[in-house]
Amino acid sequence: MTDLRIGPALVVPVTSDPFTGYVEVTGGEITHLGPKPTGGPATETVAAPGRIVTPAFVNTHCHTSQQLGRGLGDDVGLLTWLHERIWPYELALDESDSELSALVCAIEQIRNGCTLLADPGGRHVDGMARGIAAVGIRALLGRSAMDCGDGRPEGDRETTAEVLAAQDELAERWHGKGLLRFSYTLRTIFNCSDELIAATLERARALGTVVQMHVAEIPEENEHALATRGATTVRHLDRLGALGPGFLAVHSTWVDDEEIALLAERGCPVSHNAASNLKILGTPRVADMLDAGVRVALGTDGAPSNNRMSVLDEMWLAAIVQKGVRRDPTVLPAPIVLRMATVDGATALGMGDLVGSLEVGKRADLVVLDPYTPNLATAADPVSALVTACKSENVESVLCDGDWVMRDRRLTRVDEAAVLAEAAARAAAVRRRLQL
């Protein structure tokens, strides 16, 4: 007995050619893809004429604890953004704030077709984990790791040993619990000692998880690394043995040719956050990275640095900005960008064998898109339009691990209206505490 049969629809597996046909799921696993259904009965059948079925999207950089701080980081530079806005904001949150923030963030991800996110770290991981688990999607959890540097609030200063002990405890509690995994994190080279970096790498490799780190965000970071470590951020991380498939270099906005070659040679993936970069950091050389063979995935960053927490928006922006940077409309064609948002993102997070594409044997994380909206109905190429024109309004239903987390545009596990009302009140309360 098949659990779920979807079709006929336009099926976009990403790793193979699109076709009109069926997707079948049993036990949370994709068991059939093809132009015709299997012969047996199905417990649930979703007739999907005209619909588009894709893998669920992957957000490789998503600060879930910052969701209540949307709008707090507008129109300021990175160091002001961190020291005067975001770190005080994060310190003002208690565990229930972080849980609600993560819950709202996860709802927004579902409404944009995303079922896997990588959180680079907050203070209250237990709360964040509960918020994400409540809606039933996947996440790579992290705790913000800093043991040195200027600008940290008084209540947010820990020794190297304290940082590592806290991460170890969280890894034991959350790694592999349901759809959640733990990821060791490093905030920035401004705030992480070499001792912390080395010990973090050792622990992550032993656990079999990835390390997330903000890398080469602004020119001042490279200047700081040169002054304190004798090399720019990427070069210094390479000397420490950090670069590799298990190290997610987030942003990588200010890198030169040699550093791009290092990232490619070491197989080190990059999380590209187009909107956040443009707003605060600059424009990374994504097209050059792809030409060199770097695996580039997509992320939204947090609500205060992006304001739009949508991988759909990131696809369009990533493509169009690089076309402008190169003055070449052929760079970052839609199939490449769609891979960045799906299978390349899953692979960058160490989960490419589980999700990221529609393939028999992979877990059933998928999106049913309704193209009958003004932005998509007239598209000449619906696959290209997934990158160039698709919006959250097209996301009709979302499946994660074989379970509907959104069906016909309604969240299945939480009262969305009640959650959003509480979040609005809580965000206002946090701003009052901060006097912002």
Side-chain angles (χ1 to χ4, degrees), residues 59 61-70 72-73 82 85-109 117-147 151-159 161-188 191-192 196 200 203 209 212-214 300-305 309 414 419-420 422-434 436:
N59 187 342
H61 191 61
C62 182
H63 287 269
T64 65
S65 61
Q66 293 179 2
Q67 196 78 1
L68 301 182
R70 181 181 257 123
L72 295 184
L82 276 174
R85 305 288 178 86
I86 299 309
W87 285 347
Y89 159 82
E90 291 178 343
L91 189 62
L93 300 181
D94 61 24
E95 189 167 307
S96 66
D97 294 327
S98 291
E99 180 174 348
L100 181 60
S101 181
L103 174 56
V104 176
C105 185
I107 289 172
E108 188 168 10
Q109 296 311 296
L117 64 87
D119 191 322
R123 293 177 55 83
H124 302 289
V125 176
D126 290 339
M128 293 151 51
R130 289 194 299 270
I132 295 166
V135 297
I137 65 172
R138 302 179 194 275
L140 202 59
L141 299 168
R143 183 181 188 271
S144 184
M146 299 184 285
D147 68 339
R152 292 181 298 157
E154 287 292 337
D156 192 23
R157 298 187 180 185
E158 297 175 315
T159 66
E162 288 170 336
V163 171
L164 293 170
Q167 299 237 65
D168 291 343
E169 180 187 3
L170 289 164
E172 184 175 349
R173 185 152 63 250
W174 288 110
H175 189 63
K177 302 299 170 63
L179 300 179
L180 304 178
R181 295 186 181 185
F182 187 76
S183 169
Y184 282 86
T185 67
L186 297 161
R187 195 74 181 231
T188 72
N191 302 102
C192 294
L196 178 60
T200 296
R203 282 164 164 76
T209 190
Q212 305 177 61
M213 184 175 185
H214 300 78
T300 60
D301 213 333
S305 60
M309 302 293 289
V414 295
V419 170
L420 297 181
E422 182 182 358
R426 194 81 65 90
V430 171
R431 291 194 296 270
R432 287 195 296 271
R433 290 203 298 271
L434 289 170
L436 289 175

Point to revise | Salt-bridge contact Arg130-Glu95 (side-chain N to carboxylate O under 4.0 Å) | key: yes
Review point. Between Phe182 and Ala171, what is the shortest heavy-atom contact and its length?
Key: CD2-CB, 3.5 Å
Review point. Under 3.5 Å, is there a donor-acceptor pair between the side chain of Asn191 and the main chain of Thr188?
Key: no
Exercise for review: Apply the side chain to side chain donor-acceptor pair (under 3.5 Å) test between Asn59 and each candidate in Asp119, Asp301, Thr300, Thr64; give the one that qualifies.
Suggested key: Thr300
Point to revise | Side-chain donor-acceptor contact under 3.5 Å, Thr185 with Gln212 | key: no
Study note, to complete from the structure: Hits for side chain to side chain donor-acceptor pair (under 3.5 Å) against Thr209, two or more places apart or cross-chain, chain-then-number order -> none
Exercise for review: Check side-chain contact (heavy atoms from CB on, under 4.5 Å) between Leu180 and all other residues, then give those that pass, not counting sequence neighbours.
Suggested key: Ala129, Ile132, Ala133, Ala139, Leu141, Trp174
Review point. Atom CD in Gln167, atom OG in Ser183: separation rounded to 0.5 Å?
Key: 8.5 Å
Exercise for review: Name the orientation class of the two ring planes belonging to His63 and His214 (parallel below 30°, tilted from 30 to 60°, perpendicular beyond 60°).
Suggested key: parallel
Exercise for review: For Arg138, check salt bridge (Lys or Arg N to Asp or Glu O under 4.0 Å) against everything at least two apart and list the hits.
Suggested key: Asp365, Asp401
Practice item. Look up atom OG in Ser144 and atom CZ in Arg187, then write down how far apart they are to the nearest 0.5 Å. Key: 3.5 Å
Exercise for review: Rounded to the nearest 0.5 Å, what's the gap from CE on Met309 to CG on Leu117? Could you check?
Suggested key: 8.5 Å
**Study point:** Side-chain donor/acceptor of Arg123 to backbone N/O of Leu93, under 3.5 Å
**Key:** no
Point to revise | Closest non-hydrogen atom pair between Cys192 and Asp147, with its separation | key: CA-OD1, 3.4 Å
Study note, to complete from the structure: Shortest non-hydrogen pair, Leu103 vs Gly131, comes out as CD1-O, 3.6 Å
Check your understanding: Who pairs with Pro304 by side-chain contact (heavy atoms from CB on, under 4.5 Å), at least two apart in sequence or on another chain?
Key -> Gln66, Trp81, Ile86
Exercise for review: In sequence, state the C-alpha distance, the side-chain angles, and the governing distance for Trp87 and Met146, and then conclude on side-chain contact (heavy atoms from CB on, under 4.5 Å).
Suggested key: CA-CA 12 Å; Trp87 285 347; Met146 299 184 285; 3.5 Å; yes
Exercise for review: List for me each residue that meets side-chain contact (heavy atoms from CB on, under 4.5 Å) alongside Arg203, sequence neighbours excluded, and say none if there are none.
Suggested key: Leu164, Asp168, Tyr184, Ala199
Exercise for review: Work out which heavy atom in Leu179 is nearest to a heavy atom in Ile137; give both atom names and the distance.
Suggested key: CB-O, 3.7 Å
Review point. Ala106 and Val135: which non-hydrogen atoms are nearest, and at how many Å?
Key: CB-CG2, 3.4 Å
Check your understanding: Which distance, rounded to the nearest 0.5 Å, do you find between the CD of Gln67 and the OG of Ser101?
Key -> 5.5 Å
Check your understanding: Taking NZ, NE, NH1 and NH2 as the nitrogens, is one of them in Glu108 or Arg70 under 4.0 Å from a carboxylate oxygen of the other?
Key -> yes
Practice item. Mind checking side-chain contact (heavy atoms from CB on, under 4.5 Å) for Glu162 and listing every partner two or more places apart, or none if nothing turns up? Key: Glu158, Thr159
Review point. Okay, side chain of His61, backbone of Ala118: is any donor-acceptor separation there less than 3.5 Å?
Key: no
Point to revise | Separation between OG of Ser65 and CG of Leu100, rounded to the nearest 0.5 Å | key: 12.0 Å
Practice item. Answer yes if the side chains of Ser96 and Arg426 hold a donor-acceptor pair under 3.5 Å, and no otherwise. Key: yes
Check your understanding: What is the distance from atom NZ of Lys177 to atom CZ of Arg173, rounded to the nearest 0.5 Å?
Key -> 8.5 Å
